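A quick write-up on the structure given underneath.
Keep in mind it's a predicted model, so treat the numbers as computed, not measured. All residue numbers refer to positions in the sequence shown, counting from 1. As the structure lists them, so they are numbered: ligands from 1, and atoms in each ligand from 1.
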Amino acid sequence: MNSNFEYIPYGKQDISPQDIEAVVGVLQSSFLTQGPQVPLFEASIKQAVQAKYALAVNSATSALHIACLALGVGKGDVVWTSPITFVATANCALFCGASINFVDIDPITYNLCAHKLEQKLIDTKKMGGVLPKLVIPVHLCGQSCEMEKIHTLSQEYGFSIIEDASHAIGGKYQGQPVGNCQYSDITVFSFHPVKIVTTAEGGVATTNNKNLLAKMELLRSHGITRDEALMTEESHGPWFYQQIDLGFNYRMTELQAALGVSQMMRLDEFVAKRNDLANRYDSLLDNLPLTLPMQDSEVHSARHLYVIRLQLNKLNKTHRQVFEELRAGGIGVNLHYIPLPMQPFYKRLGYETKNYPQSELYYQEAISIPLFYQMLESEQDRIVDMMRDVIK
Ligand SMILES: *Cc1c(COP(=O)(O)O)cnc(C)c1O
């Protein structure tokens, strides 16, 4: 079927000549790591998202890990998140010795449902269960969760908040940039190549809390400090450093940071183009037996993903058939995500997807169709035509 056409991936980075120049410049410089580019990248994120502090690390997974540790998550604690996310969002709690639990998604936005969160908090408290130490809302597809409501609940029930904004750099909530941490302790971004801005591999944690920044900074690099104010004894000399905590090597390289600095100059352009393409999908796919993404009026999505849901009762094909036929037609569709409780690792721990009916239903109907900065309107037309063909 259309084998003369090129395969259209669901996501793809856009590397400009300036990006290449920036990375080559680092290779020709004295620092491949721990030089000037990482602080420059951090400054560009801070400025873009209007947070006081930003800390760059080697992945969003690392950022989630040290963010949890900085917030004191440990043994005996419970962390809550959405079942519809990448595995790293839940794994970070387990890295710290805590356990994870899930709050089902909202059927319209597919984000962790703030209303169900409230109900689960009420029920847990009533039954004398363990309330969460931390909740990690995930801004799925680039659309912010209802952060004001979640923040209000955090004050009532005493939990911390990390926003997993891996999909949402350049997005807005109530007119303010995602990542400014107005309603959270820490926000985490990913710069994996399929995300909106890339550093090849990379992550950033933003916060307005100086102590959280200091803890994460220490954990990023082995728990080692050269700051005499933090040392337990007087310096032995100019070589002196102390390990005062158990940290990791989660540092970002200069090559990655230089790419990030260069990419961040095009953030607005990236997000605007994604929105244009998404709006175009909205009109081209209208009138088909599909549920298209709904935008919350308080949110300006960064449009990381365009997820459609099949209205299966109006089709004479299965979800799998539609998916396979699109793939066979050269369309790089994908599914974000398999509900976490369905993963063998989490199943072994006793989680059951049937406890999250909206997530289960989402998984039966959802397909991510290609959306990336370089996508041509002609490619988009081909995707829409193929979709029409497959589901007619
Ligand atoms: C990509 C992603 C991550 C992990 O990001 P890495 O930078 O690859 O570690 C975490 N959470 C979500 C929601 C993601 O999409």
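Taking every non-hydrogen atom of T89 and a distance limit under 4.0 Å, the qualifying atoms of ligand 1 come out as 11 (N). Counting atoms of ligand 1 from 1 in the listed order, those under 4.0 Å from a heavy atom of T85 are 13 (C). Residue G202 has at least one heavy-atom neighbour below 4.0 Å for each of these atoms of ligand 1: 7 (O). Residue A60 has at least one heavy-atom neighbour below 4.0 Å for each of these atoms of ligand 1: 4 (C), 5 (O), 6 (P), 7 (O), 9 (O).
With a 4.0 Å heavy-atom cut-off, ligand 1 is reached by no atom of F189.
The pair R303-D282 meets the salt-bridge criterion, with a side-chain N (NZ, NE, NH1 or NH2) lying under 4.0 Å from an Asp/Glu carboxylate O.
Of the inter-residue distances, the one linking L121 atom CG with E156 atom CD reads 8.5 Å to the nearest 0.5 angstrom. A distance of 12.5 Å separates CD1 in I161 from CH2 in W80, rounded to the nearest 0.5 Å.
Closest to atom 15 (O) of ligand 1, if we only count protein heavy atoms, is H167 NE2, 2.7 Å. If you check which protein heavy atom lies closest to atom 9 (O) of ligand 1, you get T61 OG1, 2.5 Å. For atom 11 (N) of ligand 1, the closest non-hydrogen atom of the protein is D164 OD2, 2.8 Å. The protein non-hydrogen atom at the shortest distance from atom 10 (C) of ligand 1 is S166 OG, 3.5 Å.
Taking only nitrogen or oxygen atoms, main chain and side chain alike, V138 does not reach within less than 3.5 Å of ligand 1. Checked by distance only, ligand 1 and H192 stay at 3.5 Å or farther apart across all their nitrogen or oxygen atoms. Polar contact with ligand 1: present for K195 (N/O pair, distance under 3.5 Å).
Using bins of under 30°, 30° to 60° and over 60° for the plane-to-plane angle, the ring pair F270/Y373 lands in the perpendicular bin. Ring geometry for F102 against Y356 counts as perpendicular: the plane angle is over 60°, on a 0 to 90° scale with 30° as the lower cut. Between Y173 and Y183, the angle of the ring planes goes over 60°, which puts this pair in the perpendicular group of the 30/60° scheme.
Two rings, from F248 and H65, have their centers less than 6.0 Å apart.
Under a 4.0 angstrom heavy-atom cut-off, A63 registers as lying outside contact with ligand 1.
For the residue pair T198 and Q13, no side-chain donor N or O sits within less than 3.5 Å of a side-chain acceptor on the partner.
The closest donor-acceptor contact from the side chain of E254 to the backbone of V26 lies at 3.5 Å or more, if one exists at all.
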